[in-house]
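Data first, discussion second: the structure below is written as structure tokens.
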Amino acid sequence: MLLAEVAATSDAVSATRSRLAKRAAIADLLRRAATGEPTETDQATTIEIVVAYIAGALRQRRTGLGWASLRDLPPPATEPTLTVRDVDAAFAEMAALEGPGSAQARSAAATGLFGAATEREQAFLRGLVAGELRQGALDSVVVDAVAEAAGVPADAVRRAVMMRGATGPVASAALLADDPLAALAEFTLEVGRPVRPMLAQSAPDIGAAFEKLGSPDAPTELCVDVKLDGIRIQAHRLGDDIRVVTRSLDDITERVPEIVEVVRALPSDRLVLDGEALAIGQDGVPRPFQETAARSATREATPEAELASQLQLSPFFFDVLHAGGRDLVDAPLRERLAVLDEVAAPHTVRRLVTSDPDAAAEFFAGALREGQEGVVVKSLDTPYAAGRRGAGWVKVKPRQTLDLVVLAVERGSGRRQGWLSNIHLGARDPDGGFVMLGKTFKGMTDEMLEWQTERFRELQVEDNGWVVTVRPEQVVEIAFDGLQRSTRYPGGLALRFARVLRYRDDKSAAEADTIETVRTLAGF
DNA sequence: TTCCGACAGTGGGGTCGCAAT
DNA sequence: ATTGCGACCCCACTATCGGAA
């Protein structure tokens with residue numbers, strides 16, 4: 001199959017806002033991809049590549065190519081000749097390059113590939129490399145399209161994808177099998193093969209979380225887990241063979257020997273566990289997320305690094321998908337927790353099971369006093385809905401706010417093209433001026449974007465084509481999750497997950513919060 | 001007919017590893 | 001040694017479509 005056909009489908013997908021029409025266009029592409037290659041193997045490969053590309057991704061996890069390396073492209077070809085397998089082979093080659101001179105070799109390979117692409121194909125490839133296709137369809141829509149093309153229920157495909165941890169192999173199986181449903185049914189949980197993790201929704205407070213999960217009439221018993229501020233881990237154990245992966249199913253086994261040891265010492269030798277890993281201080285208090293992130297991102301535990309850091313990650317498990325030969329994905333949480341306590345104690349997350357929102361609120365407050373991030377409220381009746389932001393789990397975190405001053409605005413892109421979008425935030429310095437603490441584009445409605453575009457044009461003092469600097473007069477109320485150390489900003493600290501609550505026209509910049517207030521909040 | 005669940009989009013800060021400078 | 005880029009860890013929020021109620 002030609003790359004041009006995939007690009008043409010991408011155009012059709014972009015051109016409509018209807019998800020059903022997007023799905024139909026992709027299903028049609030997949031049907032065509034499922035025929036026309038010489039061998040069954042080529043056929044399967046082609047489907048896998050097309051599934052990746054039309055979902056806006058390359059098959060290679062890392063190519064070393066990024067936005068910056070595509071600034072200067074060779075002149076485009078006039079006729080489309082590239083097949084999707086040519087393109088995949090080219091990226092595979094680039095991904096395999098390493099060592100001195102690799103950047104040049106990669107650049108040469110990219111020039112070769114892009115030089116063989118037409119103008120339209122170049123744009124499509126650039127979108128794939130940068131992960132910015134913006135056609136209104138990602139993996140979920142493609143999964144639905146696979147179902148349509150194979151003539152099977154979407155749930156059957158979705159479930160197979162969650163078990164396989166990837167869409168490509170599931171799509172080729174469904175599209176090439178004589179009996180697609182039977183082929184999909186063969187994708188079952190396999191110990192050692194990562195599964196897409198179940199995600200949580202969020203709620204502003206415990207009461208809202210209970211409302212989402214409980215029955216409106218009678219009190220409902222719910223599980224309240226402490227939410228830890230670390231990295232998500234999924235641990236697989238098959239005898240002495242242990243594997244640890246992250247939320248995106250990246251294998252980090254080599255980086256976390258201490259977690260491997262914990263799992264190895266558990267009483268069951270066939271396990272799939274879901275949990276969180278983080279660094280805990282000598283005092284038992286969780287270390288800041290930045291330290292956990294640094295520890296888990298360090299690839300080789302060199303002896304010096306080991307000595308220097310002394311920082312160990314501790315795993316805390318909150319779910320179990322398989323134990324001792326028994327699959328638990330479809331079992332209700334209540335049952336899974338009973339098994340979890342048998343196989344993972346004491347390395348489990350602390351929890352409370354209650355139907356009383358007040359008791360849950362007290363538990364939440366206690367978790368915060370311990371230095372934890374918050375809680376996750378869970379229905380005890382739901383199965384493990386992998387890979388979807390299912391309604392079964394709801395997280396609750398505290399929210400802090402500050403009144404800050406807008407120092408500059410950046411032009412928006414994509415659907416925010418034409419609007420001033422991303423605002424720079426400053427705290428007042430009592431000695432004069434403002435100290436920048438970060439930026440945010442979150443929490444803005446279209447109406448606010450419209451308003452702020454006009455407002456900041458009024459306050460404009462400079463426009464360099466990307467950033468519009470403004471007179472520091474507009475106060476904005478910002479919500480955020482916490483403060484972290486920063487080397488980027490002059491105050492040495494930055495806001496974590498800042499978002500706009502509202503613009504405050506009742507306050508002048510002279511009444512905005514000061515950098516001292518922020519420092520006191522941060523405690524450093 | 002209205003409501004709401006699921007999805008895509010729009011980017012945020014920090015960290016490491018790696019190649020080039 | 002420093003710098004710039006790529007990849008990936010954490011993520012919040014709004015707009016929209018289309019099926020459920």
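So you know, we letter chains A, B, ... as the sequences are listed, proteins then strands, and number each from 1. Please read all numbers here as calculations on a predicted model, not as lab measurements.
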Can a side chain N or O of [X] be found less than 4.0 Å away from OP1 or OP2 on [N]?
X      : N      : answer
A:Q201 : B:dA6  : yes
A:S248 : C:dC8  : no
A:S486 : B:dG14 : yes
A:N422 : B:dG12 : yes
A:R496 : B:dG12 : no
A:Q290 : B:dT15 : yes

Over how many whole Å does the gap from [X] atom [atom1] to [N] atom [atom2] extend?
X      : N      : atom1 : atom2 : result
A:E291 : B:dC16 : CD    : P     : 11 Å
A:M162 : B:dA6  : CE    : P     : 15 Å
A:R19  : C:dA15 : CZ    : P     : 14 Å
A:L20  : C:dG19 : CG    : P     : 5 Å

* **Carboxylate-amine/guanidinium proximity below 4.0 Å for A:R19 and A:D144** => no
* Structure fact -> Result for 5'-nearest mapping on DNA chain B, choosing between A:R411 and A:E98, is A:R411
* **Toward the 5' end of DNA chain B, by each residue's nearest nucleotide, A:G99 or A:K439** =>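 First, find each residue's nearest nucleotide; the 5'-ward one identifies A:K439.
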Please pick, from [options], the nucleotide with the shortest atom-to-atom distance to any side-chain atom of [X].
X      : options                : answer
A:K397 : C:dC9, C:dA12, C:dT14  : C:dA12
A:S140 : B:dC7, C:dT14, B:dG12  : B:dC7
A:R71  : C:dC10, C:dC5, C:dA7   : C:dC5
A:R416 : B:dG17, B:dG13, B:dT10 : B:dT10

Which part of the nucleic acid, if any, lies within reach of [X] when heavy atoms closer than 4.0 Å are counted: base, sugar-phosphate only, or nothing?
X      : result
A:V141 : sugar-phosphate
A:T63  : sugar-phosphate
A:D229 : nothing
A:A293 : nothing
A:T440 : nothing
A:A498 : nothing
A:Q135 : sugar-phosphate
A:K22  : nothing
A:T292 : nothing

* Asked: Quick one: on DNA chain C, does A:G66 or A:S296 contact a more 5' nucleotide (nearest heavy atom)?
  ->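 Nearer the 5' end of the strand: A:G66.
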* Asked: Are A:I233 and A:V256 close enough that some pair of their side-chain heavy atoms sits under 4.5 Å apart?
  -> no
* Structure fact -> The salt bridge (Lys or Arg N to Asp or Glu O under 4.0 Å) partner of A:D481 among A:R399, A:K397, A:R496 is A:K397
* Asked: Would you find a donor on one side and an acceptor on the other, under 3.5 Å apart, between the side chain of A:E276 and the backbone of A:G230?
  ->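 Indeed, once roles are kept as given, a pair shorter than 3.5 Å links the two residues.
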* Establish, for the pair A:R351 and A:F318, whether the NZ or CZ atom is under 6.0 angstrom from the six-membered ring centre and no further than 45 degrees off its axis. => no
* If we call it a pair only when both distances are under 3.5 Å in a Watson-Crick or G-U wobble match, what pairs with C:dC17? -> B:dG5
